[in-house]
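Scroll down for the structure; my scribbles are underneath it.
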Amino acid sequence: MSDLIYISKRFIHLIFLSLFISFLTFSLMKADFKIPKIKLDIAFIHLHTKEIQIKTGDPLADLRLNPAISAAQIEAESKRLGLNKGFFYQYLTWLSNLIKGDLGYTQANQKVIDVIIPALKNTLILNLCAIFFSWLIAIPLGIICAIKQNSWLDLSVRFLLSSLMAMPSFILAIFMLLFALYSGWFPIGGLTSVVIDEMNFFERLIDITRHLFIPVSILTLLSIPSIQRQMRANLLEILDRPYIRTALAKGLKFDIVIWKHALSNAINPLITLFGFEFAGLFAGSALIEMVLAYPGLGLLTLEAVRKQDINIVMANLLLGSLMLVLGNLLADLVLKKIDPRIK
Amino acid sequence: MKNLVFRHKLLAFQVRSFLYFSVYLSLFLLSSACSKISLSQSLSGTFQNAGDKQKSQVNFKEKLRSRFGGTLKLTQRGQDAKTLNPWTSTEATSGEYGSLMFPGLVKFNPDTDKAEPLLAESFEISKDEKTITVKLREKLYWSDGQPITADDVLFTWNELLIQGIALSSARDIININGKFPEVIKLDDKTIEFKTSEVFAPFLRSLGIEIAPKHDVERFFKKHKAKTFSEKQKAFEKYLSIFTKPEEIVSSGPFKFSKIQRGERIEFIRNPLYYDVDSETGKRLPYFNRLIYSYIQDDSADIFKFLAKESDVLGVSPANAALAKELSKKYNYTLYDLGTSNTTNFIWFNLSKNVPKPQYDWFNNLVFREAVSLAIDRKSIINNVYQGLGTPLSSALGENSSFLNLDLKVNKRALAKDALKLLIADGFRFDAKNKILYDKNSNRVEFDLLSNSGSRERELMGVIISDNLAEIGIKVNFKLLEFNNYVGRIMQGQNYSAGILALGGGSNNEPNTGANVWKSDGRLHLFDPKGFQKQPLIRDWEREIDEQFIKGVQTLDFNERKAIYDEFQVTVFKYKPLIYLASPKTFAAIRNDLRGIRKTKYGGMIPDIAKCYRGV
């Protein structure tokens, strides 16, 4: 019961959070005001600034710069997007449509929901795979390295992961693309082959796996170091504690000490980390999506921000805040299950 | 010292393009051919002439093999197509898909730019140049088997365009001084177009895509659109990318078959396309399937091409040397497509919104001339385009047939001549500190804007700032985000000068520049009049207005050329836009592709229906 109240409280919190975030973003994307000149001469303070204009871009810039587009067309477009109305009118229209469950239309006159859903699915597949594999590899690797501290294994893993950590993601992406090009084992970019429609279920599965291999391995490689290091450090800290020594001295089996006593205490910070990673599910892979031509949400959002396609940006933002709250909630609930000290 | 600073700035910009650099570096390391070559030297004269190559390769074996079948794989910059409806689309890529499915009545020969019949069998221009009679081909069908008749043409012109069901940019083009042409059906296959006065670009309008009347009307019925405004609203959704492929009707070589969201768009051959293979008499196109994959990033484009997942790769001058080197190993040929039609320029804001000393400098012709003289176009070409570019003298694209060849802009910076001009006009030059003052002892200084994200313009801005520093002008080069930049320059407020490029496209019609050059034009960048109460129209602006009006009143090429020559002289003389340089463009094409070649006006693919894969 207390869990339920806790969850519903979190969701009420979410509503206010989303309102605040949406208003902030809306104002940032539509900002148009002037900071007046400042001329301050008090005692030894002399502050002189020029007038500063804060103005975000014009959503119709591409059309305006195209000599073939007529003024009437631009007028019609600005009317359709509601750009001729005031800021508050625009925001309230968006909000009331949202309450009705309508996310609005994109600049290209498509329903936002139709544009976002396919991209959302693709990004979800990519990031879930990446999270699954990175945790599957990083956690055991962290445990082994902590137990065998300063062994050759620990040292080489440390060296390897430090170099991975230092590598910018796009460089790794390009190395992986080179690998795909020279081996010929994996396709370059995309998520499906051209002949996908003529395949049966298993062939499709293999095809998608082949396409996913490169982006997933890049994201996995990039997130392994931080998780592994966290796991290793936490476990090392716990292994130094007196109660572990006591347990060992009592003659308990080493494996049981590690699994039962050490690990359950060392895992807490990682669960919090997991909560945050959950929030990044939809947005964390924009750069990789761009370099690999992956049809995901990060790319869509990036492009929308650049083109000031506000309805897409807002929808995405709501998703992001929802995921953040959900992720934290999930982490809290799991923590509560694992650690009886937390209430 | 100056040189050092300049290099430092250049370096800073190159760090930004580290991403691309790393691709090239790694490719260089891994490619087996690692010999060093000097860029522009080894490139000149080594590109294949497309025609020769193809002749030698069409051998006996290939003649036996059927040309039909296979897939043509192309890449497309950007994201999903917005719509397949060519009558309402506002961007080039969606328009391209539309014209693939709906050819117009005439097309323009990619080599000579003469009009040739397409859906039309023939067309005839009357003596007074005001009436064009078009006769449609016999046996012309939509992909669903319905015949294409004069009714379809009438529907497209009268209802969609002239009445305005389609809110299209084409409406502006066919509207001649406020009057739309009369389109009359003479019989089932013959249509007459009558314009109220002679309008040279009108012939080009006959290239407008013809819509399937029966299908659009079915669509209206389905959406219960009866009144004009309902139809207008419904038509915006006609041929959206969510349309089921079975419901799509095409008259072109290909027909939309599938869209894989965010990845690619696929077309399938239209079995009822009118054109036939000259040997077998079978209907074209040769290819069964045509695929455009969306690409957002240069490196992805290169990798996709090298991995044989695309057949054609556009190559910028920066990559040309590398692309040439890899061509043997990856079995493709690099073609030199000549100078691009994109014109880069710097301009000053001449409008009354500019504050006082700057307004006087910018509106002083001597000042603009001096700036043009001080710019080192050769250095721009060397640094931005790796030596593979052309300095621009004219407002028209470098490969326009209307280009005035007599105009010659300075290639190298002529700082001394520029200073002479300025000093004669009352400016004062402090040679010791390299500072230029005007008559009233104001230091000459202005902000130069451009948009971030265009490496070309970023480099140009740095070079220009450096060139102008030589004659004592201080330039503060600033980069803005693209949409922000455009918003600012469109209103002619809050900026002094900018760098921009306008694409000429492949359209060899000078009148497309009317929006920029006519003083009431929507894109009259240097002094937009729309926002001013009592706009000042300069004498030379009036001159250009007249030239643009006269230029469309005759169909005779030589007469038109003379008028547009004059226009180019006017722009060259008064320099409202100071032109810089254009890059050469290259394309890499797989060796087994046939029917793809360099054309003067039509890009790489003269007729997509006639492309096929050889051996």
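By convention in this document, chain letters (A, B, ...) are assigned in the order of the sequence lines, proteins followed by strands, and residues within each chain are numbered from 1. Computation of the quantities below employed the complete heavy-atom set of this structure, encompassing side-chain atoms and omitting hydrogens, waters and symmetry-equivalent molecules.
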To the closest 0.5 Å, what do you measure between CD (B/Glu309) and OG (A/Ser193)?
8.0 Å
Looking only at B/Lys237, B/Glu236, B/Arg488, most heavy-atom pairs under 4.5 Å shared with chain A are made by B/Glu236
Would you give the length of the straight line joining atom CZ of A/Arg80 to atom NZ of B/Lys233, rounded to the nearest 0.5 angstrom?
10.0 Å
Please state whether the side chain, the backbone, both or neither of A/Ile74 comes within less than 4.5 Å of a heavy atom of chain B.
side chain
So do A/Asn122 and B/Arg261 actually touch side chain to side chain, heavy atoms under 4.5 Å?
no
Hey, are the side chains of B/Lys82 and A/Thr106 touching, using non-hydrogen atoms and a 4.5 Å cut-off?
no
Does atom OH (A/Tyr89) have a neighbourhood of more than 12 heavy atoms from anything else shown, all under 6.0 Å?
no
Greatest number of heavy atom pairs closer than 4.5 Å to chain A - which of B/Asn484, B/Leu500, B/Val516
B/Asn484
Is the count of non-hydrogen atoms from other residues, nucleotides or ligands lying under 6.0 Å from A/Lys30 atom NZ greater than 12?
yes
Side chain, backbone, both or neither: which part of B/Phe242 has a non-hydrogen atom closer than 4.5 Å to chain A?
side chain
Highest number of heavy-atom pairs under 4.5 Å with chain B: which of A/Val115, A/Thr192, A/Leu191?
A/Thr192
Do B/Ser240 and A/Gln110 pair up side chain to side chain, a donor and an acceptor below 3.5 Å, judged on atom types alone?
no
Contact leader toward chain A among B/Arg264, B/Arg289, B/Met490, where contacts are heavy-atom pairs under 4.5 Å:
B/Arg264
If you count every heavy atom of other residues, nucleotides or ligands that lies below 6.0 Å from A/Glu203 atom CD, does the total exceed 12?
yes
What are the two closest heavy atoms between B/Phe303 and A/Ile174, and how far apart are they?
CZ-O, 4.1 Å
Which value, rounded to the nearest 0.5 Å, describes the distance between A/Asp114 atom CG and B/Ile241 atom CD1?
9.0 Å
Shorter than 4.5 Å, heavy atoms on both sides: which option in B/Arg522, B/Lys308, B/Glu481 has the most such pairs with chain A?
B/Arg522
Given a strict heavy-atom distance threshold of 4.5 Å, which part of A/Pro59 is in contact with chain B: side chain, backbone, both, or neither?
backbone
In the structure I gave you, are the side-chain heavy atoms of A/Leu181 and B/Tyr330 within less than 4.5 Å of one another anywhere?
yes
From CD1 (A/Ile188) to OG (B/Ser293), nearest 0.5 Å
12.0 Å
